[in-house]
Amino acid sequence: MTSVRVDLSGHSAVITGSTSGIGAALAEGLAANGCDIVLNGLGEAGEIEALRARLADAYKVRVLYHPANMLHADQIADLIAFAQKELGRLDILINNAGIQHVAKIEEFPADRWDAILAINLTSVFHACRHAIPLMTAQGRGRIVNIASAHALAASPFKSAYVAAKHGVMGLTKTIALEVAERGITCNAINPGYVRTPLVDSQIADTARERGISEDEVVRDVMLYAQPTKKFVEYSQLVGALLYLVSDDGANANGSAINVEGGWLAK
Ligand code: NAD
């Protein structure tokens, strides 16, 4: 857990894709600072309920769960309406849900392209367009999009992901300009490699596409990209998030906090 502290009591947040990995860590970071939260994401019902109950018990905040699938616009609309109805307001929206597929462009399955664009990019559009009127009425809001170092740089064999994440960065900047005078900010956090289920599951595919071992993928592809030679820790992303959602973050707008060990400096 990060040492950064912000008083978020009385605030509420929706975090898409928060049943696993980065989203779960960001949700916990908000709850630990007093924020009521709506979890979202796929997974086994018992495990999701255990996560929900653990956060509610540990931090004495309201923790709800909504099962919206980011492939479906109507379910995303329902997720935002659910937060407003159950928690009475929506202060923070974190667009985090995402998937990955690693393959050569000429062999990239069209259905994987469509799903990655829908979940990683189009869902951000839908969630924002429903959240912004609520935030506008409140006169304050914070939208944080978990993009990626791949929002600003490419890697081979990740065509859909890189295209979607570059799109998220463009959408972030566009929304920031539109909401700038309403007390709302829209920013991105761009992580480098974080050791989550999403990353673990692409090690074997990357090894196959590049014709190298899985150990070589970790050392020569993933950590090669990051000059620190270290995976990004959850707490380092939570610290960046807490700055952006705080009052001190009011003039960070349309920007990105890159937490990628210097990858993008090269
Ligand atoms: P993860 O696989 O651990 O978690 C992904 C989350 O998204 C899960 O909660 C999953 O249930 C949810 N999700 C997937 N498809 C969904 C759908 N159709 N509807 C609703 N929820 C859905 O992955 P992660 O590594 O924690 O990734 C989280 C975000 O961070 C993604 O947007 C990813 O692109 C981004 N990111 C990850 C890394 C990394 O190294 N792990 C680096 C940069 C950016």
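We count ligands from 1, going down the list as the structure has it; atoms in each ligand are counted the same way.
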Heavy-atom nearest neighbour of [atom] within options [options]:
atom: atom 7 (O) of ligand 1; options: G192, G17, P67, P197; value: G17
atom: atom 44 (C) of ligand 1; options: A164, A147, A97, A27; value: A147
atom: atom 11 (O) of ligand 1; options: V124, N190, L42, V232; value: L42

Closest approach of any protein heavy atom to [atom], naming residue and atom:
atom: atom 18 (N) of ligand 1; result: N69 OD1, 2.8 Å
atom: atom 37 (C) of ligand 1; result: I22 CD1, 3.5 Å
atom: atom 19 (N) of ligand 1; result: M70 N, 2.8 Å
atom: atom 5 (C) of ligand 1; result: G98 O, 3.7 Å
atom: atom 40 (O) of ligand 1; result: V194 N, 2.7 Å
atom: atom 1 (P) of ligand 1; result: S20 OG, 3.6 Å
atom: atom 32 (O) of ligand 1; result: N96 O, 2.7 Å
atom: atom 34 (O) of ligand 1; result: Y161 OH, 2.5 Å

Would you mind running through ligand 1 and noting each atom that sits below 4.0 Å from a heavy atom of [X]?
X: V199; value: 39 (C), 40 (O), 41 (N)
X: G41; value: 11 (O), 21 (N)
X: Y193; value: 40 (O)
X: A68; value: 19 (N), 20 (C)
X: T19; value: 8 (C), 9 (O), 11 (O)
X: I99; value: 14 (C), 15 (N)
X: G21; value: 3 (O), 26 (O)

Say whether [X] and [Y], considering side chains only, have a donor N or O and an acceptor N or O under 3.5 Å apart.
X: D7; Y: S9; result: yes
X: T172; Y: N145; result: yes
X: S12; Y: R89; result: no
X: S255; Y: N187; result: yes
X: H11; Y: D36; result: no

Open item on the list: Ignoring hydrogens, what is the shortest heavy-atom contact between A31 and I37? Give both atom names and the distance.
Closed with: CB-CD1, 4.1 Å
Task: Over all atoms of both residues, closest heavy-atom pair of T19 and A24 - done: C-CB, 4.3 Å
Task: Check against salt bridge (Lys or Arg N to Asp or Glu O under 4.0 Å), R210 and E216 - done: CA-CA 10 Å; R210 290 179 181 255; E216 286 169 325; over 6 Å; no
Relative to ligand 1, is [X] under 4.0 angstrom through side chain, backbone, both or neither, heavy atoms considered?
X: L198; result: both
X: T16; result: neither
X: H150; result: neither
X: S18; result: backbone
X: I119; result: side chain

With a 4.0 Å cut-off on heavy atoms, is [X] touching ligand 1?
X: S123; result: no
X: A25; result: no
X: S201; result: no
X: K165; result: yes
X: I146; result: yes
X: F231; result: no

Task: Side chain proximity check, N95 to V144, heavy atoms < 4.5 angstrom - done: no
Quick check: does [X] get an N/O under 3.5 Å from an N/O on ligand 1?
X: A149; answer: no
X: G23; answer: no
X: P191; answer: no
X: T196; answer: yes

Task: Axial cation check for Y224 ring with K266, 6.0 Å and 45° limits - done: yes
Open item on the list: By the definition side chain to side chain contact (heavy atoms under 4.5 Å, CB included), identify the one residue from I119, T122, V124 that meets it with M70.
Closed with: I119
Task: Residue that, paired with Y161, satisfies side chain to side chain contact (heavy atoms under 4.5 Å, CB included) out of N120, I99, L121 - done: N120
Open item on the list: Check whether N33 reaches the backbone of L8 with its side chain - one donor and one acceptor, N or O, closer than 3.5 Å.
Closed with: no
Open item on the list: Determine whether a donor-acceptor pair (N or O, by modelled atom type, separation under 3.5 Å) exists between the side chain of N96 and the backbone of I15.
Closed with: no
- [ ] Check step by step if side-chain hydrogen bond (donor to acceptor under 3.5 Å, both in side chains) holds for E260 and Y193.
- [x] CA-CA 7 Å; E260 31 58 283; Y193 284 104; over 6 Å; no
TODO: Carefully, step by step, assess R140 and D91 under the rule salt bridge (Lys or Arg N to Asp or Glu O under 4.0 Å).
DONE: CA-CA 7 Å; R140 189 187 191 281; D91 302 279; 5.3 Å; no
Open item on the list: Taking atom NZ as the centre, does K230 end up with more than 12 heavy-atom neighbours from other residues, nucleotides or ligands that are less than 6.0 angstrom away?
Closed with: no
Task: Pair R195 + E233, salt bridge at N-O below 4.0 Å - done: no
TODO: Mind checking salt bridge (charged side-chain N to carboxylate O under 4.0 Å, His left out) for D57 and listing every partner two or more places apart, or none if nothing turns up?
DONE: K60
